[in-house]
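Worksheet: one structure, shown below.
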Amino acid sequence: MPHGSDRHAIVEKTHEPPRPSAWVPLKQPIFRALWIATVFSNIGTWMHDVGASWLMTSLAPSPLMVALVQAATSLPVFFLALPAGALADIADRRRYLIATQLWMLVTAAILGVCTLIGITNAWLLLAFTFALGCGAAMTMPAWAAIAPELVSRDTLPAAITVNGLGMNVSRAIGPALAGVVVAMSGPATVFLLNAVSFLGVLWVLFGWRRIPRKSTLPAERLLGAMRAGLR
């Protein structure tokens, strides 16, 4: 026969509220729309990685140059993580994300057109890939920071899980789809499709009526926010 404390623990366990489903955040219209748009945008990003690497093997068939494609994608995260995080804290995140998405759309479109007309060389490809990497690096902190604004606090862990699932889905689909597109019509089409993939995110962000959060603290400047981040 259980003691009083044991019975009390059993009653507490019985009345413990059920955990929300991992799919609950998708019931929020703005989160669902942004999640779907982000999956397609990330598919385009993974497609670009494959298309750029394939094109580099044609422009400069050197292991070093092919490796530099991945370096051009990854280095911006190393250099821009701190200022990007600071800007995500002090800027209007909706407008900030619109600016970064427009930057990547224009960059991918110009690269696609240059490749289509045959003027892309190895260094131009690296420059555009680096520019796209800069846009992605500037986007990531703000993207993570808007999650609490889209869902309630109790569904935030589920939202983070769903976002991770979307990333893995795009990572699985993007390279495979890029291989098919490159084989059928070449890397220029991959770059142009990547540009198109940003339109969905922009459409959702333009339609998002974000409520600005008022702060009683004085406005923070970029260098001050970076110093705070380092501390």
Side-chain angles (χ1 to χ4, degrees), residues 29-52 55 69 72-117 119-120 124-147 149-150 163 166-167 170-171 174 177-178 181 187-213 221-222 225-226:
I30 181 62
F31 180 85
R32 181 175 63 249
L34 201 54
W35 185 82
I36 294 172
T38 303
V39 169
F40 280 99
S41 179
N42 287 336
I43 288 174
T45 299
W46 286 105
M47 290 177 66
H48 168 87
D49 290 347
V50 173
L55 180 59
V69 173
T73 301
S74 305
L75 277 179
V77 177
F78 176 78
F79 289 118
L80 299 176
L82 187 59
L87 281 172
D89 284 338
I90 65 178
D92 182 290
R93 290 168 186 159
R94 173 180 167 272
R95 295 179 180 177
Y96 176 73
L97 287 171
I98 289 174
T100 59
Q101 297 298 304
L102 283 172
W103 167 266
M104 291 188 285
L105 185 154
V106 172
T107 303
I110 295 175
L111 175 59
V113 172
C114 290
T115 306
L116 196 63
I117 63 179
I119 64 173
T120 301
L124 193 63
L125 176 60
L126 287 176
F128 278 112
T129 300
F130 184 80
L132 283 169
C134 289
M138 297 299 289
T139 297
M140 287 188 289
W143 207 260
I146 65 170
E149 301 183 38
L150 303 177
N163 281 335
M167 177 62 72
S170 62
R171 183 184 286 118
L177 184 58
V181 175
T189 305
V190 170
F191 301 147
L192 292 174
L193 287 175
N194 182 32
V196 172
S197 73
F198 294 110
L199 291 175
V201 178
L202 283 168
W203 181 76
V204 177
L205 289 174
F206 274 116
W208 178 25
R209 295 294 177 259
R210 179 177 181 265
I211 302 175
R213 295 186 175 183
R221 297 185 181 276
L222 178 62
M226 291 175 63

Taking atom [atom1] of [X] and atom [atom2] of [Y], what is their separation to the nearest 0.5 Å?
X	Y	atom1	atom2	value
Gln101	Thr38	CD	OG1	7.5 Å
Leu87	Arg93	CG	CZ	11.5 Å
Thr189	Met47	OG1	CE	9.0 Å
Trp203	Trp208	CH2	CH2	15.0 Å
Thr100	Leu202	OG1	CG	8.5 Å
Leu192	Thr115	CG	OG1	8.0 Å

Should Val190 and Leu55 be marked as a side chain to side chain contact (heavy atoms under 4.5 Å, CB included) after you check the CA-CA gap, both sets of side-chain angles, and the distance that decides it? CA-CA 11 Å; Val190 170; Leu55 180 59; over 6 Å; no
Measuring only between side-chain heavy atoms, which start at C-beta, is [X] closer than 4.5 Å to [Y]?
X	Y	answer
Asn163	Phe31	yes
Leu34	Ile146	yes
Val201	Trp143	yes

Nearest heavy atoms of [X] and [Y], plus distance in Å:
X	Y	result
Ala84	Pro141	CB-CG, 3.7 Å
Gly112	Ala188	O-CB, 3.9 Å
Ala52	Thr129	CB-OG1, 4.1 Å
Arg171	Trp46	NE-CZ2, 3.3 Å

Leu132 pairs by side-chain contact (heavy atoms from CB on, under 4.5 Å) with which of Thr45, Asp49, Asn194?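 Of all the options given, the one that passes is Asn194.
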Apply side chain to side chain contact (heavy atoms under 4.5 Å, CB included) to Leu193 and Leu177, showing your working. CA-CA 11 Å; Leu193 287 175; Leu177 184 58; over 6 Å; no
Answer yes or no: is there a donor N or O on one side and an acceptor on the other, between the side chain of Arg209 and the main chain of Phe206, under 3.5 Å?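 Answer holds: yes.
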Run the numbers on Leu125 and Phe191 for side chain to side chain contact (heavy atoms under 4.5 Å, CB included), then give the verdict. CA-CA 11 Å; Leu125 176 60; Phe191 301 147; 4.2 Å; yes
Worked verdict on Ile43 versus Ser197 for side chain to side chain contact (heavy atoms under 4.5 Å, CB included): CA-CA 8 Å; Ile43 288 174; Ser197 73; over 6 Å; no
Review item, side-chain donor-acceptor pairs of residues 102-110, under 3.5 Å, at least two apart:
{"residue": "Trp103", "atom": "NE1", "partner": "Ala131", "partner atom": "O", "Å": "2.9"}
{"residue": "Thr107", "atom": "OG1", "partner": "Trp103", "partner atom": "O", "Å": "2.7"}

Are more than 12 heavy atoms, taken from residues, nucleotides or ligands other than Tyr96, located less than 6.0 Å from that residue's OH atom?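 More than 12 heavy atoms, drawn from other residues, nucleotides or ligands, come within 6.0 Å of this atom.
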